Each structure stands twice: as structure tokens, then as C-alpha cells.
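One structure is given here, and the rest of the page talks about it.
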Amino acid sequence: MEEQKENRPQAAPSEPPRSPVRAACPPGRQHCRISDQEPNEKNSTASSNDFSDPVYKEIALANGYINRMTRDELRSKLAEFKLETRGVKDVLRKRLKNYCKKQKLMQKEPINGESYYDYICVVDFEATCEEGNPPEFVHEIIEFPVVLLNTRTLEIEDTFQQYVKPEINPKLSNFCINLTGITQEVVDKADTFPQVLQNVIEWMRQWELGTKYTYSMLTDGSWDMSKFLNIQCRISRIKYPSFAKKWINIRKSYGNFYKVPRNQTKLTIMLEQLGMNYDGRPHSGLDDSKNIARIAIRMLQDGCELRVNEQMHAGQLMTVSSAAPLEGAPAPQMPRYRN
């Protein structure tokens with residue numbers, strides 16, 4: 001389910017490029033030339049003492065040139081490198097910058113591809129709701145979907161989906177049925193949350209997550225874990241599961257990576273900015289999760305290292321520093337029941 005969000009620094013006005021774009025980064029070469037300027041030329045983008053290693057000055061010079069490229073020039077250069085050409089100008093600019101940065105750094109030192117999560121588990125709960133969402137209303141999870149994204153192949157390898165029978169408000173509102181497409185008959189026949197959580201954990205174990213393979217949870221915003229799962233665990237009288245205590249909030253990652261404001265990080269807007277359409281039924285938890293995974297794939301392709309940036313600590317939502325070590329989630333275990 002979506003929450004409201006918000007923030008964006010204004011893009012610098014584009015200027016005509018000072019020199020023509022030339023071929024760069026041919027296959028098998030560790031070299032990325034964007035313009036005819038040589039790395040030792042003077043440029044307003046960086047001064048000679050900005051970086052201790054010359055490679056970072058080369059990156060800064062390339063970035064300065066990319067900043068002055070038009071959208072058509074950006075698309076042409078991306079096509080030359082056989083990269084995705086869809087998206088708004090800010091996205092195209094970031095994509096090209098990251099590609100060239102990666103090529104430069106590979107020339108200096110090969111990137112260790114084994115240091116990232118093997119899998120990302122995308123979760124987007126659907127919960128009971130009423131029109132206007134009155135503050136006293138208790139939201140209960142009624143759909144538990146998980147999309148398993150392989151970060152090496154950038155493919156969705158598997159999905160899990162089960163509906164959940166609510167306890168406090170067992171009768172769904174017409175608003176909830178119309179919004180989610182989940183009917184009363186579906187939830188009446190569903191298992192309660194503890195059983196569905198056990199099934200999720202068994203599915204994750206089959207994929208050897210947290211044992212053979214490293215992984216992280218990923219959500220579209222903070223609410224799935226900090227609100228819906230947190231409240232549901234209290235309703236079901238079970239401890240909060242350890243594997244879900246830290247996660248990647250893709251809205252934060254997207255806003256920080258592409259430098260866009262928080263009000264441009266809703267699911268449909270992120271897809272639109274990346275040149276994609278929503279695939280499926282909005283507010284279907286599984287369809288939402290698949291579309292979030294598509295955004296994650298594009299961000300990984302564009303050079304973003306999606307990292308854990310939020311956590312639950314002592315029952316409170318907290319931010320995780322980007323400087324924190326990259327650690328995978330623990331092997332999933334069924335939490336204990338509360339006393």
C-alpha cells in the first residue's frame with residue numbers, strides 16, 4: 001500500500017556542449033571518453049586539487065560535460081554504449097554518469113561483484129482500510145507478497161503470495177475491496193497471519209536465504225515494516241521477525257540516487273520517470289511488488305548500490321547510515337509468541 005511522500009533540487013539549466021561527443025568505452029576497453037577535452041585540461045567542474053587520485057578528476061570532468069548534454073545527446077550516447085535510453089533527462093544523465101564512473105574505476109581497480117547481496121526480497125503488503133483512513137482504525141495485513149530478485153542476473157526468480165484472514169475487523173469495507181481487489185470470500189478462506197508468516201519463512205528457507213545466499217528486504221516506503229508488520233505482530237501476539245528489522249526503502253534510495261524530491265518518489269511516478277508503465281493491477285500487493293522490483297532492477301543497471309537505509313530498533317523506525325557496513329539479513333526464523 002502506498003503512503004504519501006515528498007523533495008527535489010532543481011536541475012541545472014542545460015547549455016550547449018563545448019565540444020562534440022566522441023565514441024567512448026568500446027567493449028573490452030576500460031576507457032570512457034565523453035568529450036574531446038583531455039583529462040589535464042582546465043575545467044570549471046573540478047580543480048586540480050579536488051581529488052587525491054587522478055581518476056576522480058577524470059570522472060569530475062566527464063560529469064561536467066554530461067551536465068551540459070541535451071536529452072537527445074544523452075540518449076544517443078547511451079545507445080552507443082547499448083544502455084537503456086528511456087527516462088527523463090535527470091535519469092538519463094545519472095545513468096550515463098554512473099556508467100562512465102564504473103568504467104573509470106574498473107580501469108583503476110576491478111569491482112568485486114561478490115560484495116553485494118545475492119538476492120533482494122521485495123515486499124508490499126495490502127492491509128484492511130476504510131475510506132479516509134480514520135486514525136483509530138487498526139490496519140491488518142490481508143495480502144503477504146514477496147518477489148525474489150536475483151541481483152546478479154537482474155531477474156525475478158520466484159514469487160510468494162498468500163492472503164491473510166484479519167481478526168479485529170474480519171469484514172472488509174467496500175472501499176478496501178474496491179481498492180485492493182481482495183474479496184471477502186478470499187480472506188474468509190485464508191490462514192491467519194502467524195501461519196502465513198510461517199509459510200513465508202519456509203519459502204525463504206527453501207531458497208537458502210541468510211544461509212547460502214545473502215539477501216535484504218526492500219519496500220516501497222517505510223510503512224510496510226514500521227507500521228503494517230509492526231502492528232500485525234502485536235495483533236497476532238508474536239515478536240517482530242528478525243529478518244525484517246532492516247530493509248531498503250526504495251523511495252529514499254531513488255530520491256537520493258536520481259536527486260529528485262520526495263513527492264516524485266511514488267511508485268507510478270518513479271516508473272514514469274524511468275520510462276516505464278505500471279504492469280498489472282494497482283494495489284494488488286503482488287503486482288505492486290513486481291513493479292517495485294522493476295524499478296530496483298533499473299536502478300541496479302544504472303549503477304545504484306541499493307543498501308539498507310531503514311530499521312526497526314526498540315519498536316521505533318530509525319535511519320541506517322549509508323556508511324554502515326553492507327550486511328545481509330539473518331536466516332529467517334519464526335518469531336516467538338509474546339507473553
Side-chain angles (χ1 to χ4, degrees), residues 1-8 91 117 120-130 132-133 135 137-149 161 164 176 179-180 182 200 215-233 240-241 243-274 276 278-300 304-313 315-322 329:
M1 295 184 71
E2 291 202 12
E3 55 176 309
Q4 294 178 331
K5 312 284 174 177
E6 330 70 63
N7 113 295
R8 166 186 192 144
V91 167
Y117 313 114
I120 289 176
C121 291
V122 181
V123 174
D124 192 80
F125 299 121
E126 294 303 319
T128 55
C129 52
E130 289 186 348
N133 277 332
F137 185 81
V138 179
H139 298 278
E140 298 172 82
I141 293 174
I142 54 174
E143 183 186 358
F144 199 138
V146 189
V147 169
L148 186 66
L149 169 61
Q161 181 198 40
V164 185
C176 183
L179 180 71
T180 65
I182 301 171
V200 172
Y215 76 104
S216 174
M217 308 301 292
L218 182 147
T219 64
D220 178 31
S222 304
W223 279 26
D224 289 276
M225 300 305 191
S226 67
K227 184 171 183 178
F228 297 130
L229 183 58
N230 195 27
I231 291 172
Q232 184 63 60
C233 287
Y240 190 96
F243 70 86
K245 286 187 176 179
K246 295 182 179 180
W247 63 91
I248 301 163
N249 177 345
I250 198 168
R251 295 193 182 201
K252 277 188 177 180
S253 302
Y254 183 95
N256 291 335
F257 185 68
Y258 294 116
K259 301 294 188 291
V260 301
R262 292 183 67 187
N263 63 7
Q264 303 231 351
T265 59
K266 289 184 66 175
L267 176 56
T268 52
I269 295 177
M270 288 190 288
L271 286 167
E272 181 183 347
Q273 296 273 346
L274 292 170
M276 297 187 286
Y278 186 95
D279 188 10
R281 185 195 191 284
H283 299 293
S284 154
L286 184 58
D287 285 349
D288 280 354
S289 299
K290 288 179 179 178
N291 282 280
I292 295 163
R294 292 170 65 209
I295 294 170
I297 290 168
R298 182 60 54 79
M299 292 180 69
L300 291 169
C304 178
E305 187 178 66
L306 293 166
R307 299 174 65 99
V308 164
N309 52 21
E310 289 186 339
Q311 67 174 333
M312 288 294 290
H313 181 72
Q316 299 296 317
L317 172 65
M318 299 183 68
T319 296
V320 175
S321 169
S322 59

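Bear in mind that the values here come from a model prediction, so they are computed numbers and not experimental data. In this chain, residues are counted from 1 in sequence order.
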Nearest non-hydrogen partners of [X] and [Y], listed with the distance:
X: Pro241; Y: Leu229; result: CG-CD2, 4.1 Å
X: Cys176; Y: Cys129; result: CB-O, 3.5 Å
X: Leu149; Y: Ala293; result: CD2-O, 4.3 Å
X: Val308; Y: Tyr117; result: N-OH, 3.3 Å
X: Cys121; Y: Leu148; result: SG-CD1, 3.8 Å
X: Gly315; Y: Asn230; result: O-ND2, 4.0 Å

Once rounded to the nearest 0.5 Å, what's the spacing between atom [atom1] of [X] and atom [atom2] of [Y]?
X: Phe228; Y: Trp223; atom1: CZ; atom2: CH2; answer: 6.0 Å
X: Glu143; Y: Phe125; atom1: CD; atom2: CZ; answer: 10.5 Å
X: Leu306; Y: Ile295; atom1: CG; atom2: CD1; answer: 11.0 Å
X: Glu305; Y: Leu300; atom1: CD; atom2: CG; answer: 9.0 Å
X: Arg294; Y: Leu267; atom1: CZ; atom2: CG; answer: 9.5 Å
X: Phe137; Y: Glu130; atom1: CZ; atom2: CD; answer: 4.5 Å

Quiz item: Is it true that Asp220 and Arg251 make a salt bridge, defined as a side-chain N closer than 4.0 Å to a carboxylate O?
Solution: yes

Quiz item: Could Glu310 and Lys252 be called an ion pair, given the rule that one side-chain N must be under 4.0 Å from one carboxylate O?
Solution: yes

Note, [X] side chain near [Y] side chain (heavy atom, < 4.5 Å):
X: Asn291; Y: Asp124; answer: no
X: Val164; Y: Glu140; answer: no
X: Val123; Y: Leu218; answer: no
X: Ser216; Y: Lys246; answer: no
X: Ile120; Y: Met217; answer: no
X: Glu126; Y: Ile141; answer: no
X: Tyr240; Y: Met312; answer: yes
X: Tyr254; Y: Gln264; answer: no

Main-chain N/O of [Y] paired with [X] side-chain donor or acceptor, under 3.5 Å:
X: His139; Y: Thr128; result: yes
X: Arg298; Y: Leu274; result: yes
X: Thr219; Y: Asn249; result: no
X: Gln311; Y: Val320; result: no

Exercise. Mind checking ring pair (Phe, Tyr, Trp, His ring centres under 6.0 Å) for Tyr215 and listing every partner two or more places apart, or none if nothing turns up?
Key: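 So Tyr215 forms no ring pair (Phe, Tyr, Trp, His ring centres under 6.0 Å) with any residue.
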
Quiz prompt | Evaluation steps, side-chain hydrogen bond (donor to acceptor under 3.5 Å, both in side chains), between Tyr278 and Asp287 | solution = CA-CA 9 Å; Tyr278 186 95; Asp287 285 349; 5.1 Å; no

Exercise. Start with the C-alpha distance between Phe144 and Gln161, add both sets of side-chain angles, then the distance that settles side chain to side chain contact (heavy atoms under 4.5 Å, CB included), and finish with yes or no.
Key: CA-CA 6 Å; Phe144 199 138; Gln161 181 198 40; over 6 Å; no

Practice problem: Dump the intermediate steps for side-chain hydrogen bond (donor to acceptor under 3.5 Å, both in side chains) on Thr319 and Asn309, then the final yes or no. | Solution: CA-CA 6 Å; Thr319 296; Asn309 52 21; over 6 Å; no

